[in-house]
Amino acid sequence: MVCPEPLFQVDVEELVDMEVRNSFARIFESFLHRQPLFKNKEALRHSYTPDELPHREEEINALATILAPALKGETPSNILIYGKSGTGKTIVSKFICRGLRETGKKYGVPISTVYLNCEVTDTQYRVLANLAKHFGENVPFTGWPTDKVYAAFKEAVDERRQNVIIILDEIDRLVSKGGDRVLYNLTRINSELQRARVSIIGISNNLKFTSYLDTRVQSSLGEEEIIFKPYNAKQLEDILKQRAELAFEPGVLDEYVIPLCAALAAREHGDARRALDLLRVSGEVAERENAEIITEIHVRKANEKIERDNVVEAVRTLPTQSKVLLYAVILLEERGTKFITTGKIYQVYKSLCRAVSIDSLTQRRISDLISELDMLGILNSTVISKGRYGRTREIKLEVPLKDIKRVVEEDIRLRSLSKFTLTQTRLI
DNA sequence: AATCCACAGGAAGCCCGGGAAC
DNA sequence: GTTCCCGGGCTTCCTGTGGATT
């Protein structure tokens, strides 16, 4: 996500500013000889699982209590875990599963755990194929009938006596993409197994997602529910302190840095992931400035950088059609159009398509693309009714216009858009 | 109260590419 | 090579709707 700008370029600019032009050798020398700020940057990554998870004791206990029967060969209840992003759901689940496996190993109880992120593995087929692969079956990523994959998984799992715990992270993604049949199958699989037993841990940040499920799945999946509360600023501070000790050289952090990172992340619904990113990027910013100490200013800069980078990256990776659509909104915004509606956007969009000679999509499809951009937080759309003048969506740009305009124009196929003016359409 | 606008958004189905099996 | 299956992007067709206007 956050890709640091090349060190080289920035340093050169700075040197010119400082009117130090002797030689590049000096840059390299200083790079090599300056005191490092980081001791182990990995400790600030999301993927890092520390040995202790502060302020999640209750959740850990709850989860451990539910899963403990696996150690006696009994089948633990299925569990649903709810909580906003960065509240430790994933890390706690992985942490517990690791402990469970290790304890099982110690006492000779076979327990295997599988972690699947349903944002990537978002269909029935993919979930089953991944599970089957985990148990040694060779399933192609497409091609087989789903029943066959299911059978392959069942057979592989049932080869020996074992307790299997499947973690389905972002399980709500599965439902929104019609992969909920797999949940139905998985929750009933135990009745078809001879030796193995399967339990599911579903992780979701959407409290209401079960309402979209079949009632039978609802009740069997949600046998136990655990809710992860967001961290408050004080708790985030503790987490950051713990990681900072591992990540930074002693004495490089100004005393206000951690509280500020914690406070900024607490504003974002207590997101620990954001707090860690903030701390890491602050360090990187300071490093690039050749600073010896990381200060509040670096944190502020890091915060801006993270927000900008997120948006730019989101826009850069959009499909071409969405970029053209976004460009239509940008042009309308630049024109100061008061009510930007689906219809207006569609007309501008069509002329843009003509200008860059690509096929235009139907208004129905564009309506869906607008919703997607809304979900990404790039646009904001609200359905409004203008009485006699119809019901439509009022759409606003949610991100800095200049930044994203540049990003869209960078697309090779859309270069010529920069020359386009709205007078070419009869609108507005 | 009836009408009517400008869409929202659901449902069904088409088409295509990727891949396995025959 | 042909057939079958899956997922994703898309179109077509359709019904529904909030509130200004008639």
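Numbered from 1 within each chain, the chains take letters A, B, ... in sequence-line order. Because only heavy atoms are used, hydrogens play no part in the values below, and waters and symmetry mates are left out as well, while side chains stay in.
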> Rounded to whole Å, please give me the gap between CG in A:Asp147 and C1' in C:dC6.
12 Å
> Just the rounded figure in Å: distance from P of B:dG19 to CZ of A:Arg126.
12 Å
> Strictly below 4.0 Å: does A:Thr146 bring a side-chain N or O up to OP1 or OP2 of C:dC5?
no
> With respect to the phosphate group of C:dC10, does any side-chain polar atom (N or O) of A:Thr362 fall under 4.0 Å of OP1 or OP2?
no
> Between A:Glu284 and A:Arg280, is there a side-chain N and carboxylate O pair less than 4.0 Å apart?
yes
> What is the distance, to the nearest angstrom, from the CG atom on A:Leu361 to the C1' atom on C:dT12?
14 Å
> Nearest heavy atom decides the nucleotide; on that basis, is A:Trp144 or A:Tyr389 closer to the 5' end of DNA chain B?
A:Tyr389
> Is the CZ atom of A:Arg415 crowded by more than 12 outside heavy atoms at less than 6.0 Å?
yes
> Kindly say if A:Arg365 contacts the phosphate of C:dC10, meaning a side-chain N or O under 4.0 Å from OP1 or OP2.
yes
> Whole-Å distance between C:dA20 C1' and A:Ile384 CD1?
13 Å
> In whole Å, I'd like the distance from the CZ atom of A:Arg391 to the C1' atom of B:dG10.
13 Å
> Does anything in residues 38-63 of chain A pair up under ring pair (Phe, Tyr, Trp, His ring centres under 6.0 Å), and if so which pairs, sequence neighbours excluded?
A:Phe38-A:Phe248
> Measure OH/A:Tyr125 against P/B:dG17 and give the value in whole Å, please.
20 Å
> Rounded to the nearest angstrom, tell me the gap between atom CZ in A:Phe339 and atom C1' in B:dC5.
16 Å
> Which nucleotide wins on minimum distance to the side chain of A:Thr341, given the candidates C:dG7, B:dA11, B:dC7?
B:dC7
> Given the rule in the side-chain contact (heavy atoms from CB on, under 4.5 Å) test, do A:Leu326 and A:Leu397 qualify, once you have shown the distances and angles that lead to the verdict?
CA-CA 9 Å; A:Leu326 190 56; A:Leu397 207 55; 3.9 Å; yes
> Nearest of B:dA6, C:dG19, C:dC10 to any side-chain atom of A:Ser385?
C:dG19
> Is the phosphate of C:dG7 approached by A:Thr123 (side-chain N or O, under 4.0 Å from OP1 or OP2)?
yes
> Out of C:dT11, C:dA20, B:dA8, which nucleotide sits closest to the side chain of A:Thr342?
B:dA8
> With respect to the phosphate group of B:dA8, does any side-chain polar atom (N or O) of A:Arg393 fall under 4.0 Å of OP1 or OP2?
yes
> Send over the distance from A:Ile395 CD1 to B:dA6 P, rounded to a whole Å.
15 Å
> Flag the pair A:Glu410 and A:Arg406 as a salt bridge only when some basic side-chain nitrogen lies within less than 4.0 angstrom of an acidic carboxylate oxygen.
yes
> Is A:Lys386 near enough to B:dC7 that one of its side-chain N or O atoms lies under 4.0 angstrom from OP1 or OP2?
no
